[in-house]
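Notes follow the structure.
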Amino acid sequence: MTASQTQPATPWQLALRAARTNPSVIREILKVTERPGIISLAGGLPSPDSFPVEAMREATARVLRDNPSEALQYAASEGFAPLREWVAAQMAEQGLQVDPTQVLITTGSQQGLDLVGKVLVDPGSTVAVEAPTYLGALQAFAPYEPGIVTVDCDDDGPLPAGLSAAAGARFLYVLPNFQNPSGRCIGETRRAALVDAARAVRLPLVEDNPYGDLWFDAAPPPPLAARWAEGTVYLGSFSKVLAPGLRLGYVIAPKALCPKLLQAKQAADLHTPGFNQRVVHEVIRDGFLRSHVPTIRARYKAQRDAMRAALETHLPAGCRWTVPSGGMFFWLELPDDVDAVALLPSAVELGMAYVPGAAFFASDPKPNTLRLSFVTVAPAQIERGVMLLAQALAASRSRG
Ligand SMILES: Cc1ncc(COP(=O)(O)O)c(C=O)c1O
């Protein structure tokens, strides 16, 4: 037998953690939805019409004119100091007093999730999550090999009584505002009870808030971090209020954790692009978001209303949803006997796509659930997409 017959074709051996990771279901679906003609209500992409192109163009020109050398040079791992100060001032308006040194600028809040996993999770330790939860967080934590425990939830978020089951976990990962995927927003009373319960069992919180500014009628209650600053790591993002292509987010951590998060950040990418940080700071420093964000809210509210009307018109009895008061998503429960994964190919065949809800559960997936985004396509297409979903549903039911 020759050596070439006995040896594997590749000299590479995957690390166990790489061998264990799977492609994101959402990314795989998005590939299908890139086919021309598909109305995709699947991706969580902000509307490109909301991108502040002119403001970015002008700010970019100013940064390159006034500070070209600094903007194009390596920069501090913590982030651009004026941007960190801006974030700290914003948080103070929401009731969370933090020192700018507690703000770490990250390459999207997705990197914040990775850093939190790297610093706080050991193999075999436990992380608690909501049901459903953000799939990208499950992916970010997975390489650090935690066991995942799911906390019982209702339409108002995690049940405080359920937290005792998560005692001993490294943290509870929670999305209080217009959650991805369920759209739910935790009310004031539940927030208070949740934080009390978390403190009682000494369960720290990782609060992820990319959607909080996208409210339609009233701002959500103050962040959980404002109630328990030393027990909460807070993640924020510029993706949904400016543009996701900037890859700009931030982590606000209790002082004790900051050095470790910073070291993890240094090892990951030295720093978040300083050029992007300076341009964004240049855009927002004089209050740009105070006029810009309301235009996004108005656009998304109209699109939410278009989807609500389409759902009411086209979906049959037995389907359930709650109307989100902000954010980007409707969460649908189809009749109990419908499997949204099995239904997807026929929906795509008819010309629309969604994300099956099962992907968002760490355990005990609900097969009859799915997520629809109302922000990426225009209202006329929203209506048609929902109609096609109803057709796919009707066809599957008639097939029995
Ligand atoms: C809940 C949640 N967290 C974090 C992210 C990552 O956002 P970004 O890395 O663009 O800031 C997303 C993106 O959609 C999200 O929905």
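On a predicted model such as this, the values are computed, not experimentally measured, just so you know. Atoms within a ligand are numbered from 1 in the order they appear, just like the ligands themselves. Just the heavy atoms: all of them, side chains too, but no hydrogens, waters or symmetry mates, feed the values below.
- Each of the atoms 8 (P), 10 (O), 11 (O) of ligand 1 lies under 4.0 Å from some heavy atom of S239.
- Distance OG1/T376 to OH/Y300: 7.0 Å, rounded to 0.5 Å.
- Within the structure, the closest approach of Q111 to ligand 1 does not fall below 4.0 Å when heavy atoms are considered.
- Between S109 and ligand 1, an N or O atom pair is found at a separation short of 3.5 Å.
- Listed by atom number, the atoms of ligand 1 under 4.0 Å from L175 heavy atoms are 1 (C).
- Contact analysis leaves G136 out of contact with ligand 1, as no non-hydrogen atom separation drops below 4.0 angstrom.
- Here the heavy atom of the protein found nearest to atom 5 (C) of ligand 1 is Y134 OH, 3.4 Å.
- Heavy atoms of M328 found under 4.0 angstrom from ligand 1: none, in either backbone or side chain.
- Residue contact check: R247 has heavy atoms under 4.0 Å from atoms 8 (P), 9 (O), 10 (O) of ligand 1.
- The atoms of ligand 1 that sit less than 4.0 Å from any heavy atom of P210 are 1 (C), 2 (C), 3 (N), 15 (C).
- Looking from atom 13 (C) of ligand 1 to the surrounding protein, the closest heavy atom is K240 NZ, 3.2 Å.
- Checked by atom type, the side-chain pair D208/Y234 shows no donor-acceptor distance below 3.5 Å.
- A donor-acceptor distance shorter than 3.5 angstrom exists from the side chain of N209 to the backbone of G212, with no hydrogens or angles considered.
- The shortest separation from a heavy atom of S237 to ligand 1 is under 4.0 Å, placing the residue in contact.
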Given side-chain contact (heavy atoms from CB on, under 4.5 Å), test M307 with L41 step by step and report yes or no.
-> CA-CA 10 Å; M307 184 166 278; L41 305 177; 4.0 Å; yes
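- Both tests hold for R371 against F329: distance to the six-membered ring centre under 6.0 Å, angle to the ring axis within 45°.
- The two atoms that bring P181 and Y134 nearest to each other are CD-N, 4.4 Å, heavy atoms only.
- Using modelled atom types and a 3.5 Å distance limit, the side chains of T272 and K265 yield a donor-acceptor pair.
- Neither the backbone nor the side chain of P244 has a heavy atom within less than 4.0 Å of ligand 1.
- Of the protein's non-hydrogen atoms, D208 OD2, 2.6 Å is the one closest to atom 3 (N) of ligand 1.
- Here the shortest heavy-atom pairing between N368 and P335 reads CB-O, 3.5 Å.
- The closest donor-acceptor contact from the side chain of Y354 to the backbone of A340 lies under 3.5 Å.
- Not a single heavy atom of Q179 lies less than 4.0 angstrom from ligand 1.
- Ring centroids of Y173 and F141 are separated by less than 6.0 Å, placing the two rings close together.
- Note on ligand 1: Y211 sits in its first shell, one or more heavy atoms being nearer than 4.0 Å.
- Residue G108 has at least one heavy-atom neighbour below 4.0 Å for each of these atoms of ligand 1: 9 (O), 11 (O).
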